[in-house]
Amino acid sequence: MVSSALKRKRTKEDGSEDNLPFKSNKGRRTGTRTNSQRDPQSNFTSNSFTNTPYSKRSGHMQGHTAECVPIDYLLKERKAEAQIAVSESIITHKLLQVVKPRKRTVANKAENVSDIVAKSLENYIKTLPADDKATTDLDLECVRRFCAPHDKDLARFSKESEMYPAIDALLGFISEKIRDNTDDGGDLKNGISVFANKDFTVPDGDTSLRIDKALRIDFDGLGEFNDEDVDTKGGNADMSMTATYANIFAVIEAKIDNQAKVEDETNAKVITNDAERVDATMQLYLYTHNIYFRQHARRFAWGFTVCGSVFQACLFTHDIMVRSGGIDVATGHGRKGLVELFTNMSFCDKDQLGYDPTIIFNDAEQWEMQVFENGEPRRCIINEVLLAADRAFGRHTRCFHCKTIPESGSKEEPRDVLVKDAWAHQKRDLNENEDARNEATLLRLISDGFCNDTSLENKYPKLWAGGIVQQTDSASNVSDDSTNYIFAALDQDVREKIPNRVHKRLAMEPLGEPLRMAKVVDETIIAVADAMEVYMAAWKGHGIMHRDISTSNILIRRDSQTGKLLNGALIDFDCAIMVTDDEPRTDQRPNMTGTFPFMSINCLAASSGTDLCNSCVPRTILDDWESALYVLCWLGTFGINYHDSAAAKHKISETNLPIGKWRTGSPEDVARNKMSDLTSRKNLHTRILRWFYEPPLLESLPSEPLRAVSVSYTPLKQLVDTIRTTLFENHNISKLGHGTDLDFDSIGFFYDVSDNSYTDIPETCWDAHLDPNDRNPFSRRAQVADKIGNALLDVMVKARSEARERIERR
């Protein structure tokens with residue numbers, strides 16, 4: 001969020017744009033998946049750029065693959081995801097050290113202020129001086145009830161609504177006293193306070209879920225919100241601000257539990273109604289999804305549960321939630337702990353609260369981002385947010401359209417680049433250049449290898465700059481931004497329980513549009529064919545497997561003047577891996593890498609942990625070709641572009657289609673569904689192709705034949721049919737290598753296994769040299785994957801040529 005003055009520059013009263021510093025995303029290019037500083041990192045939000053709904057760009061709910069699905073159904077899925085996360089992805093540890101100020105002098109100041117505030121709180125609970133005007137608006141009785149000792153015979157709260165004013169009063173008192181006891185603002189960096197909103201639906205959320213309470217933060221330390229229309233200095237005047245996911249620092253989820261207490265204050269073990277606490281934590285997980293989506297400079301997120309008198313802080317990393325021990329405000333020890341936590345949060349560096357100091361609001365009132373090359377920052381201006389983080393856990397991939405800022409004295413001209421920001425898994429203590437999955441290294445390798453191949457020009461991303469984001473703290477220490485860095489203050493045994501991710505940022509060119517911006521089916525076919533051409537070139541030239549062929553990772557490029565399609569492009573090598581000569585190219589265990597609806601049967605089966613994975617067929621390029629097949633099926637069913645997708649929603653629901661079962665359920669379930677859907681041409685046609693969207697003919701075209709070829713999905717149906725046959729029933733492969741069942745002996749229902757043609761393999765077959773006892777068709781195909789891959793590329797090249805001819809005839 002930016003100042004109201006700047007907001008008025010963007011939108012006039014009549015709604016028209018005026019001096020808009022950022023481009024709108026409607027129908028425009030998106031990308032590869034195309035100190036007077038005000039320092040409002042926490043408010044670098046979707047509202048800072050455009051009102052175009054992100055649901056149109058990336059599919060806000062449950063990731064970008066959800067199609068034609070009721071919100072209630074998707075919310076049910078997300079709650080199931082939250083339940084799994086809470087049951088399997090939580091560790092408990094004291095979080096105070098995470099926000100302890102790094103500079104010793106500041107840490108000492110915070111400790112002194114904390115002691116003073118804790119004593120003031122104890123005095124406040126006991127008495128309320130008549131001349132203490134600064135606290136007359138706080139509900140002392142609420143605080144006293146909140147903090148009443150457990151030996152008192154009273155029901156602390158009878159309903160949740162009684163907890164809200166108590167939370168307001170207690171945290172408001174702590175926040176105010178922290179400010180009052182800091183000399184001239186001094187080292188106070190972060191002003192934390194409570195929003196006035198209570199039990200409310202957040203206006204910029206994607207569901208109607210209601211939040212109990214929320215905290216906000218400003219980075220002046222003086223109670224200002226950087227909005228000149230609101231006077232927030234002093235007391236809790238800032239509580240008049242409306243809470244949105246774009247400006248919430250942390251959500252507070254309250255539950256009535258009058259029996260909750262901390263059994264042992266040494267280890268902060270909580271005795272509580274576990275069902276209530278689990279429910280509160282699940283709610284935090286659901287809200288955090290929206291915080292990441294709306295706040296583009298958020299590295300990790302905080303939340304708080306309050307069960308009865310027991311607070312617990314929750315820190316959401318990219319794979320796991322770290323929860324503090326219980327902070328019981330019914331005890332003096334607990335109240336002191338709460339004060340200490342909030343004081344440290346007020347004095348610590350911004351990155352310790354989860355914000356990204358490498359994204360700033362500069363003097364020219366522009367959002368500026370640093371991209372690091374060999375540890376050195378290069379600067380660019382953010383013009384547009386192209387992709388927002390859309391999950392509570394995961395890589396949190398974000399994409400931005402930026403304009404580079406040339407170095408001082410440089411003759412380099414500013415250029416348009418796509419900046420991709422993501423958190424990738426990396427082994428601890430592994431050098432970036434030693435990582436076989438280092439995307440920057442792979443892109444440089446591809447660029448060097450393709451530089452003389454004009455047929456691949458602009459079909460793959462070229463790196464302008466990129467590497468691990470560097471964080472510089474208040475003590476002037478420079479560190480790689482990673483999970484290790486975030487939890488550096490915790491014990492090593494705790495850090496090792498948290499999967500390590502590294503924050504990487506890459507600036508690439510050229511820019512492009514999402515695959516879903518295709519105007520007609522032929523453009524989709526051309527784009528996918530170009531992408532798979534790059535895929536095969538990267539494999540043949542460098543042994544690079546992309547491992548995430550999806551609708552999000554293929555772009556289309558147009559002539560900026562005419563709008564004519566130029567080509568497609570393959571992007572996002574974040575999941576890619578290079579198979580070296582020292583490691584056989586097929587010796588790659590399949591895993592869950594990729595986008596769920598587009599993952600191959602083999603990878604899903606191997607990840608299911610059931611009898612489906614008996615053979616554990618190595619991952620090959622055929623798994624990615626299978627993903628390309630699923631991409632085409634997905635687009636054919638739900639529409640190649642946003643217009644067709646909107647029209648398709650009126651006719652079908654994903655939940656009622658066989659293809660809808662490719663996105664939900666266990667890996668085993670999805671694998672079995674795909675095996676059934678693709679086991680024969682008949683099944684493909686009756687279960688998948690029959691549901692392909694068919695748009696109305698364009699009446700504006702001069703003749704009936706021309707209308708049909710211009711908008712019909714028939715060419716896409718034919719291509720899908722040919723790819724499935726080439727992949728699963730290739731005539732150059734013996735019948736032992738046909739089909740989609742991982743165990744040949746189990747498919748007697750479809751084939752007569754006593755037929756000698758299954759064992760009498762002609763020498764002309766690509767798999768003639770293989771062991772006839774190997775009856776797993778995926779295994780047999782994997783051993784001749786390169787030949788099948790070449791055949792599939794021939795299919796795509798032919799389809800691309802025909803598609804270009806149809807476009808030229810228009």
Side-chain angles (χ1 to χ4, degrees), residues 25 29-34 44 46 49 54 57-58 63-64 292-293 296-299 318 356 358-359 367-373 377-391 394-404 415-426 432 435 437-447 458-470 480-482 501-515 531 534 538 544 546-555 557 569-576 593-595:
N25 196 39
R29 60 188 170 188
T30 49
T32 309
R33 215 160 25 198
T34 62
F44 173 39
S46 55
F49 292 89
Y54 276 92
R57 304 179 196 172
S58 61
H64 57 266
Y292 282 128
F293 187 80
H296 311 305
R298 203 65 185 265
R299 296 159 54 247
H318 304 85
D356 193 341
T358 66
I359 299 176
W367 286 103
E368 182 179 314
M369 173 185 286
Q370 293 178 332
V371 180
F372 294 83
E373 178 80 10
R378 303 185 70 176
R379 299 156 57 222
C380 54
I381 299 300
I382 301 174
N383 288 342
E384 187 178 8
V385 179
L386 304 175
L387 181 69
D390 60 2
R391 301 297 287 269
R395 288 182 291 171
H396 291 170
T397 300
R398 299 172 169 104
C399 292
F400 310 91
H401 169 207
C402 299
K403 180 78 74 173
T404 64
R415 61 177 72 180
D416 287 307
V417 294
L418 183 285
V419 176
K420 172 189 171 185
D421 184 280
W423 289 75
H425 280 296
Q426 182 173 299
E432 181 181 11
D435 185 3
R437 288 182 53 181
N438 182 9
E439 186 176 9
T441 300
L442 295 179
L443 290 180
R444 293 187 181 99
L445 188 64
I446 290 172
S447 295
N458 293 323
K459 295 181 180 179
Y460 59 92
K462 296 179 181 178
L463 200 65
W464 174 72
I468 298 176
V469 174
Q470 304 292 297
D480 289 349
D481 197 11
S482 66
R501 287 184 184 260
V502 176
H503 188 188
K504 297 184 178 182
R505 191 172 289 157
L506 307 178
M508 300 163 281
E509 52 185 351
L511 290 174
E513 298 177 351
L515 185 58
V534 170
I544 294 174
H546 188 279
R547 304 200 304 173
D548 191 14
I549 303 297
S550 69
T551 53
S552 294
N553 292 338
I554 299 174
L555 298 182
R557 294 186 61 252
L570 179 64
I571 60 163
D572 198 350
F573 285 75
D574 194 28
C575 293
T593 302
T595 304

- When you look at H401 and D416, which way does the side-chain contact (heavy atoms from CB on, under 4.5 Å) test go after all the steps? CA-CA 7 Å; H401 169 207; D416 287 307; 3.0 Å; yes
Could you pull out all residues at least two apart from [X] that satisfy side chain to side chain contact (heavy atoms under 4.5 Å, CB included)?
| X | answer |
| --- | --- |
| R378 | E373, E407, E412, W464, A465 |
| Q370 | T358, F372, P377 |
| L445 | H542, I544, M578 |
| A569 | L555 |

Can you tell me how far apart [atom1] ([X]) and [atom2] ([Y]) are? Round to the nearest 0.5 Å.
| X | Y | atom1 | atom2 | answer |
| --- | --- | --- | --- | --- |
| L463 | M508 | CG | CE | 7.0 Å |
| H425 | D574 | NE2 | CG | 10.0 Å |
| C402 | L386 | SG | CG | 8.0 Å |
| E439 | I446 | CD | CD1 | 9.0 Å |

Would the distance check show the side chain of [X] and the main-chain N or O of [Y] forming a donor-acceptor pair, the cut-off being under 3.5 Å?
| X | Y | result |
| --- | --- | --- |
| T404 | R415 | yes |
| N553 | D548 | yes |
| H296 | L387 | no |
| R395 | A422 | no |

- In chain order, what residues pass the ring-ring contact (aromatic ring centres under 6.0 Å, His included) check against Y292, with sequence neighbours excluded? H396
- Item | Working for side-chain contact (heavy atoms from CB on, under 4.5 Å), residues I381 and E368 | CA-CA 5 Å; I381 299 300; E368 182 179 314; 4.1 Å; yes
- Item | side-chain hydrogen bond (donor to acceptor under 3.5 Å, both in side chains) partners for N458, two or more places apart | none
- Sequence neighbours excluded, the answer for side-chain hydrogen bond (donor to acceptor under 3.5 Å, both in side chains) partners of H503 is D421, D481
- Any idea which heavy atoms bring F573 and P461 closest together, and the distance? CE1-CD, 4.2 Å
- Task: For side-chain contact (heavy atoms from CB on, under 4.5 Å), just list the numbers for D356 and R505, CA-CA rounded to whole Å, side-chain angles, deciding distance to a tenth of an Å, and then say yes or no.
- Result: CA-CA 12 Å; D356 193 341; R505 191 172 289 157; 2.7 Å; yes
- Message: Suppose we screen for salt bridge (Lys or Arg N to Asp or Glu O under 4.0 Å). Which residues come up paired with R557, at least two apart in sequence or across chains?
- Response: none
